[in-house]
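Heads up: the structure comes next, in C-alpha cells.
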Amino acid sequence: MSEIYDIPARVREGSDSPLATLDGWRAVRERTANDPDGFWLDVAKRRVKWHREPTQGLEGSFHTIPDGPIQWFADGTLNVTESCLDANLATRGDKIAILWEGDEPGQVRTLTYRELHAEVCRTANALKALGLQNGERAIIYMGMVPEAAIAMLACARIGAIHSVVFGGFSAEALRDRVRDCGAQAVITQDEGMRGKRTIPLKKVTDEALEGERGVKKVLVYRRTGGDVDWVEDRDVWWHEIVPEQSDDCPAVIVEAEHPLFILYTSGSTGKPKGVVHTCGGYLTYAAYTHANVFDLREDDVYACVADVGWITGHTYIVYGPLANGATTLMFESLPTYPDAGRYWDMVERHRITVFYTAPTAIRALAAQGDGHVTKYDRSSLRVLGTVGEPINPDAWRWYYDVVGEKRCNIVDTWWQTETGGISISPIAPATPTKPGSATLPMPGIFPVLMDGDGKRIRGPGEGRLCIEFSWPGQARTVWNDHPRFVATYFQHYPGMYFTGDGCRRDADGYYWITGRVDDVINVSGHRMGTAEFESALVSVDAVAEAGVVGYPHPIKGQGVYAYIVLQPGYEPSDAIEAELHAACRTQIGAHAKVDLYQFVPGLPKTRSGKVMRRILRKVAEGEPDKLGDVSTLADPSVVAAIVAGAKV
Ligand code: PRX
C-alpha cells in the first residue's frame, strides 16, 4: 500500500472551480467522455476571446490522422494575443502581468497588462516594419527576459509563427532549426545572464547564420551592453526600432488551426522534430489546464521557473497564465545563485502562492540542507508543482514537508511538448496525492496502457502509455513532415497516440510514469535523443562507433553514458575525451554533456548488425547480471569486455 496524502484544508478553502472536488472531477470527466465536442466548445468560449466563435469541436481522429491533421474549433477565428492581452485590459489593466526577477536577487521589473499590451503592439509593429508577415517564421533565441515573452506575443499578434530555441543550444543546433522552419527573422539579445555568467547569444546567432540567406533580419535586445559584432542591413537594435513604434497594432485574425508556434523536440531517431501547435485548441487547453490544475485565484502570484525555450515555458509562463489574467513570474537566474535559498527568497519577497519547478531542482536543493529553505517565510505558498521527469518519493516528501510545511498540495504534472499542456496530474484542491504518482488524468484525457503484444491492459498493470482520443492541446503535425508525425506517434498502436513513456496504473487508477521506453533520455528534465549524442560523438576522427544510453543519476534523474569504440591505432586518453565533450557541446549545446565514457572494443550487435541497446542499458544501470538472452550476439566476447570495464 502506498501512502496517500489528503488535501490540506487551506488548499481546498475558497475554491470555486467545478473541479474542486473529486466528485466534481468525476462529473466533468464523464461529460468529456459523453460529449467531448460540447464540453470543449464550452471551455473554448469561456476561456478564449474569439473573433468568430467556433461551432465545431473535433474533426478527424487518431484513425484518420495519416490523411491529414486533426482539427479543433475549425470554423472559429481569433488572435491569441487578444485573449492574453486585450481581454484583460478592462478588468486588469493595472494588474501585474509579468513579474521579472533578474539574475541578481531583488533585480525586479514589472509589466502591467496595459504596459505589456502596449509593448507587444510596438514590437509587433517593429516586426512588420522589418518585413515579417503573417505565416512567416521567426526564431527566438533569448534568455529569460520579458522581451522573450513580448517577442512571442508580437509574432502571434501579426500571425507570424515563432520557434523559440533554448539559449543553451549551440550554433549548429540553432542553424538546423533556422533551416528546418525556413525562418525569415531571428530575435535574440546581446548576451544572456545566469548566475553572473554571460551567455553569448548574439555571437552564437552570428555563427549560426553565417552563409544563411533566408534570414533577412535579426532583432537584437540589449540586455548586458556587452560587445557584439554587427551585420549592416541585417541586424537591428530593439531599442532603436521598438520604442518609436505605435502602441496600436490591430491583431491579425487567423483561423483556429493557424500555427501558433513550432517547438523542436528530441525523439528516438534523427534530428529534433518541429512540433506544431495551433492557435485555438492550444490556447483553450493551456488556459483550462493552468486554471484548474493550480486552482488559480485572482490574486495569485504564480511562478513557473522553467525556461521559455521549452514547452513548459510556453504553456505555463506565457500563454496559459496570460490568457487567465494571472501575474506570471519570469526568472532569469539559477536556483543556486547566489545560494540554494534563491527560490524561497523569491517566494518570501514576492509572496508567491503557486510555485512550479522540476524534480532535478528539488533534488539538488534538498541536498543542500533545509536551512536554505526554512530561513525564508513560505506562508504565502498554496500549490507546489513539478514537471519534466519522474519525481522520486523522497524528493516529493521533502517538497511537501519542508518547502510546503505540509500546508500545500503537490501537483506532479505529467505531459509533453506534444500534448501542449498538462495531461495527467492532481487537481490541487481535489486529488489526494501519492508521492511519486502523477495521479489521475485531466478531464478529456483518456490514457491507455498497452502490453508488449499490443493489447490493452485493463485495471492495474504496467505497460506503454498511450492516449486514446484527441484533445484540443495536442500537437497537430511535425513541421514539413506529416509522415514523420504519423510514424512517430500513431503507428505503434493504431488509433492511439503513443507517448514514448512507460507507466504503471495502481488499484486506485493512479498513474505512475516510469520513464521513457524509447531512445530518448531525460537529463535534468532536458529531453535529448541518444541518436543526437551518437551523431556528435562519431564525428570525432578517433571514433569508429558510439552507443549512448541513460543511467540513473541521483540528482539529474538520468545521466548520459557513452560507449566509445575507437578507430584502429587510437588509444583512450583525456585528450580524446575532451574532444568528445567539445563535439557534443558544439553540435548540440552546453546542456548536452556525457557523464561517463567507457571505451570498449566493440558494441554488442546481433548477427544482422543491429546494436543490442538493451545490453548497453543494463550495464549502465549497474545490472550486468540481468542482460537477458545474448545468444543472438555476433560476438559474445564484446559483452564480457563491456561488463568488465563498466563505469558504474
Ligand atoms: O518522459 C516524460 C517526462 O518528460 C517527457 C516529455 O518531455 P518534454 O517534451 O521535454 O516536456 C517536458 C515538460 C512537459 C515525457 O515523455 N515527463 C514530463 N513530466 C513528467 C515526466 N515524467 C514523469 N513525471 C512527470 N511529471
Side-chain angles (χ1 to χ4, degrees), residues 164-166 168-169 261-268 272-277 282 285-286 289-290 293 304-317 319-320 356-363 384-393 395-396 399 410-426 431 433-442 445 447 464-467 473-475 478 488-489 497-505 510-530 532 550 552 556-558 591-592:
V164 184
V165 176
F166 172 61
F169 278 111
F261 64 84
I262 302 167
L263 189 56
Y264 286 86
T265 192
S266 299
S268 290
K273 303 179 278 287
V275 169
V276 177
H277 283 285
Y282 169 80
Y285 197 69
T289 50
H290 177 255
V293 168
C304 167
V305 288
D307 192 288
V308 286
W310 311 114
I311 190 70
T312 305
H314 283 61
T315 309
Y316 297 113
I317 295 177
Y319 288 111
Y356 193 23
T357 188
T360 279
I362 298 168
R363 286 189 292 263
L384 297 171
T386 84
V387 59
E389 34 167 343
I391 179 162
N392 48 309
W396 193 104
Y399 204 26
I410 306 271
V411 291
D412 171 4
T413 64
W414 175 86
W415 58 295
Q416 310 177 292
T417 304
E418 295 87 341
T419 70
I422 294 169
S423 309
I424 303 181
S425 167
T431 319
T433 45
K434 302 184 188 186
S437 170
T439 75
L440 299 168
M442 286 303 291
I445 298 290
R464 294 174 171 224
L465 179 63
C466 297
I467 302 177
Q474 75 154 94
V478 166
T488 309
Y489 305 111
Y497 165 73
F498 174 49
T499 64
D501 279 333
C503 183
R504 181 166 68 80
R505 185 169 48 218
Y510 274 41
Y511 290 86
W512 302 72
I513 309 296
T514 53
R516 300 289 304 198
V517 292
D518 53 8
D519 293 319
V520 169
I521 42 184
N522 192 329
V523 183
S524 302
H526 293 159
R527 172 172 164 182
M528 292 184 277
T530 53
E532 290 167 68
K556 300 199 269 190
Q558 279 190 298
H591 58 299

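All ligand and atom numbering here is 1-based and tracks the order in the structure.
- Remark: minimum distance from atom 24 (N) of ligand 1 to any protein heavy atom is reached at Glu389 O, 3.3 Å.
- When Pro390, Gly557, Gly388 are ranked by how near their heavy atoms come to atom 17 (N) of ligand 1, first place goes to Gly388.
- For the pair Thr386 and ligand 1, the shortest N or O to N or O distance does not fall below 3.5 Å.
- Taking the ring centroids of His591 and Phe169, they lie under the 6.0 Å cut-off.
- Residue contacts with ligand 1 include Trp415, since one of its heavy atoms falls under 4.0 Å from the ligand.
- Close N/O approach between Thr499 and ligand 1 is not found [any backbone or side-chain N/O within under 3.5 Å].
- Considering backbone and side-chain atoms alike, Arg516 places an N or O below 3.5 Å from some N or O of ligand 1.
- For atom 2 (C) of ligand 1, the closest heavy atom belonging to the protein is Asp501 OD2, 3.0 Å.
- Aromatic ring pairs are classed by plane angle as parallel below 30°, tilted from 30° to 60° and perpendicular above 60°; the pair Tyr282 and Tyr319 is perpendicular.
- Looking only at heavy atoms of the protein, atom 8 (P) of ligand 1 is closest to Thr417 OG1, 3.5 Å.
- Ring centroids of Trp310 and Phe166 are separated by less than 6.0 Å, placing the two rings close together.
- If you number the atoms of ligand 1 from 1 as listed, the ones under 4.0 Å from a heavy atom of Val387 come out as 13 (C), 14 (C).
- Nearest protein heavy-atom neighbour of atom 7 (O) of ligand 1: Arg527 CD, 3.5 Å.
- The protein heavy atom nearest to atom 13 (C) of ligand 1 is Thr312 OG1, 3.4 Å.
- A side-chain donor-acceptor contact under 3.5 Å links Ser266 and Glu532.
- Tyr356 and Thr413 are linked by a side-chain donor-acceptor pair at a separation below 3.5 angstrom, with hydrogens and angles left out of the test.
- Side-chain contact check for Thr360 and Glu389: at least one donor-acceptor pair (N or O, by modelled atom type) lies under 3.5 Å.
- Using modelled atom types, one finds a donor on one side chain and an acceptor on the other under 3.5 Å when comparing Tyr489 with Glu418.
- For Asn522, every heavy-atom contact with ligand 1 shorter than 4.0 Å involves the side chain, none the backbone.
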Could you walk me through whether Thr289 and Trp415 pass the side chain to side chain contact (heavy atoms under 4.5 Å, CB included) check?
-> CA-CA 11 Å; Thr289 50; Trp415 58 295; over 6 Å; no
